[in-house]
Amino acid sequence: MNYSIDYLNLLAEQYPNISSACAEIISLQSRQKLPKLTEHFMSDIHGEYEPFLHILKNASGVIKDKITSIYGRTLSEHDRQTLSTLIYYPERKLDLIKREVDNIDDWYKITIYRLIEICRTIASKYTRNSILKLLPSCFGDVIDELIHADLAIGSDKEGYYNNCISTIVEMGESDAFIVEISNLIQNLAIGKLHIIGDIFDRGPRADIILDTLENYHSVDIQWGNHDVQWMGAAAGSLACIATVLSISTKYSNFDCLEDGYGINMRPLTVFAMETYASDPCKCFIPRNPNMVKLSRHDSALWAKMHKAISVIQFKLEGQLIKRHPEFMMDNHIMLDKIDFITGTIKIDGKTYKLKDNNFPTINPDYPFELTPAEKELMESLRASFLHSEKLQRHVRFIYNKGSLYLSTNNNLLYHGCVPMNEDGSFREVMLKGSKVSGKALMDKAEIIAREGYFAKRGTEEKAYGEDFLWFLWCGCYSPVYGKNKMTTFERYFIEDESIWTELKDPYYKLVENPETCDRILDEFGIDKDNFAHIINGHVPVKIKKGESPIKANGKLIVIDGGLSRAYQPQTGIAGYTLLFNSHGLLLSAHDAFESVTLAVKRDEDMYSTLDVIELAPKRLLVEDTDTGKAIQKKINALKALVKAYRKGLIK
């Protein structure tokens, strides 16, 4: 490849002589021969922060596996499990251990030696420079010395290192050191974390999950439909705000809104109590999957709030759909189909009795029009969402680290689907005046979604983008939703469950076929014959009904197995995670996580089974990855710079 003199002169500013350029080439070419780092894939977290954090801490079993490989013959299973728990929760486990151990100084020394050995083993895939970037500010130099040292009996520095560990204990810094090296082990166990959608939803604290991800050393996010709903709310979309609040009240989940993001719920409370004071709102009694302590009074109040915001939601959605006929979502509009005198609704030529016919805020002649009180309420709520510093920071992080899809290391990651027709062709969708499908649909949808948040307020791009974020949440051809409609109204008001049906996009049936997966991989420019896979979330895998997460002979892997408590009765497990290390792909199936307290007290890890899905044709090195390709480009440029130096083209 030819490089311009201008480019090489710019490169020379960083590498001003032959020696510096050659030193970098040596370093980069050596790095190419290291094994690829482990990638960790998680999906559909739905606000369930405790199991998410635990899986992150144990790296889906990677840390326990390393402990077994090192100490499987010298430590009992109980001692290995205690060591695992110490690494996952060092502060809390230390408090318990110090009450139980007689000679704590000896325990400290033995444990520190073990942790150093574990850290050294896990760090073996990293360059020393990479490890330095992850070292804590406190004890970083000491940890660096110890994990790169020869601690064998008789080594030249045996006394030096033994004294180093003894001094840590003597100075009373053992707890702090153990905490720091345990956190380093957690970080080193996973080279890259991929979140394939749906951080938000009914679980209690999505904000805690995002606090963790903000500080994680390497992460990317593929947006899910619940994520774009919150992104739209943070952008100021009234329809998205109403939907977020409706789901939160439906699942008794105010902690994330109030404690996490400081959203002021008092205006909605006052409005609901005034508007539905004598209405029992039986169709809107909240569910309680998070086991929040609810009094009868709380439940009645939340039911009123749930109904109040849901009616507003249906009005706002109707307005939005009428603004955008190109969204093709007329089947979502319900309020104009109600006969308010008889308390019935006519859908597709069939009349249904409504379970609730008390609609004091709906004008039958203009059913989608907000009352003055509803308008005032929504503007107050919008101000609260727009001025939540933490929510805005988290949403900017999701935009910064996120996308609708990601192609990485010959794997294609996305949350929902690539909309398709029954014949297997890619569905054409009208977006802003042009028809797009496949990869072009994903690319254009992402641009519009970004405009919905970042475009200047008052512009056409901003208004359309906000509405489009709501379309992505539940649109029939949305790549993150993938069903013909969302039957929220029908589930609230109609007894007949046959009307609740939501038909999946043909994609979900077609991807059982390897040829369909190959067509998708080709569409996104991925070499389908080179250990390529599609990694998907969104649709819970119902193990109880015999469904498998591995489809199309291993071409497609679905890793939503029910981390959310609400889905676990359907799925039979508590989620899937996927690992991609230098040897191949491993799928981890998890049982339900009880609590951090039990994990620390009884050393009860989340029970997981780890199965090999597919072995790589050879052990994968850094040079086989996207990072390796980028490194090779830099090596080639540096070699050109050295050549230019030696020819005298650059001083």
Of all the heavy-atom pairs spanning Pro204 and Glu48, show the shortest one and how long it is. CD-OE1, 3.9 Å

Say you draw a straight line from NZ of Lys36 to NE2 of His583; how long is it, rounded to the nearest 0.5 Å? 11.0 Å

Leu413 and side chain to side chain contact (heavy atoms under 4.5 Å, CB included): which partner among Ile534, Ile535, Ile195? Ile535

Give a yes-or-no answer on whether the side chains of Gln313 and Glu317 include a donor-acceptor pair shorter than 3.5 Å. yes

Where is the tightest heavy-atom contact between His415 and Asp44, given as atom of each residue plus distance? CE1-OD1, 3.2 Å

Can we call the ring centroids of His194 and His40 under 6.0 Å apart? no

Distance-only, no hydrogens or angles: does the Lys551 side chain make a donor-acceptor pair with backbone N or O of Leu556 under 3.5 Å? no

Between Gly482 and Cys417 the two heavy atoms that sit nearest each other are CA-SG, 3.8 Å

Could you check whether the rings of Phe531 and His533 sit parallel, tilted or perpendicular, using 30° and 60° as the cut-offs? perpendicular

Would you check if there is a donor-acceptor pair between the side chains of Thr577 and Ser60 at a distance under 3.5 Å? yes

Which atom of Ala532 lies closest to which atom of Ile526, heavy atoms considered: CB-CG2, 3.9 Å

Picking from Tyr481, Phe471, Trp473, what satisfies ring pair (Phe, Tyr, Trp, His ring centres under 6.0 Å) with Phe327? Phe471

Can you tell me how far apart CZ (Arg519) and OG (Ser425) are? Round to the nearest 0.5 Å. 8.0 Å

If we ignore angles and hydrogens, is there a donor and acceptor under 3.5 Å between the side chains of Asn421 and Arg427? yes

Report yes or no: does Asp505 contribute a side-chain atom to a donor-acceptor pair with the main-chain N or O of Tyr508 at less than 3.5 Å? no

Is there a donor-acceptor contact under 3.5 Å linking the side chains of Asn484 and Glu502? no

Do Asn129 and Thr127 pass the side chain to side chain donor-acceptor pair (under 3.5 Å) test, and can you show the C-alpha distance, the side-chain angles, and the key distance before you say yes or no? CA-CA 5 Å; Asn129 189 50; Thr127 64; 5.4 Å; no

So Asn409 and Glu39, do their side chains get closer than 4.5 Å, heavy atoms only? yes

For Asp207 and Cys256, work out which heavy atoms get closest and say how close. OD1-SG, 3.7 Å

Return the OG1 to CH2 distance between Thr487 and Trp500, rounded to the nearest 0.5 Å. 8.5 Å

Decide whether Lys483 and Ser478 meet the rule of one side-chain donor and one side-chain acceptor closer than 3.5 Å. no

State whether Tyr3 and Lys639 meet the cation-pi test: NZ (Lys) or CZ (Arg) under 6.0 Å from the six-membered ring centroid, and within 45° of the perpendicular axis. no

Between Ser437 and Glu428, does any side-chain donor sit less than 3.5 Å from a side-chain acceptor? no

Side chain to side chain donor-acceptor pair (under 3.5 Å) partner of Glu623, the single match among Gln32, Gln632, Lys33: Lys33

How close do Lys125 and Leu34 get, counting heavy atoms only, and between which atoms? O-CD1, 3.4 Å

Return yes if a side-chain donor-acceptor contact under 3.5 Å exists between Gln229 and Asn225, otherwise no. no

Hey, are Ser246 and Thr243 close enough side-chain-wise for a donor-acceptor pair under 3.5 Å? no

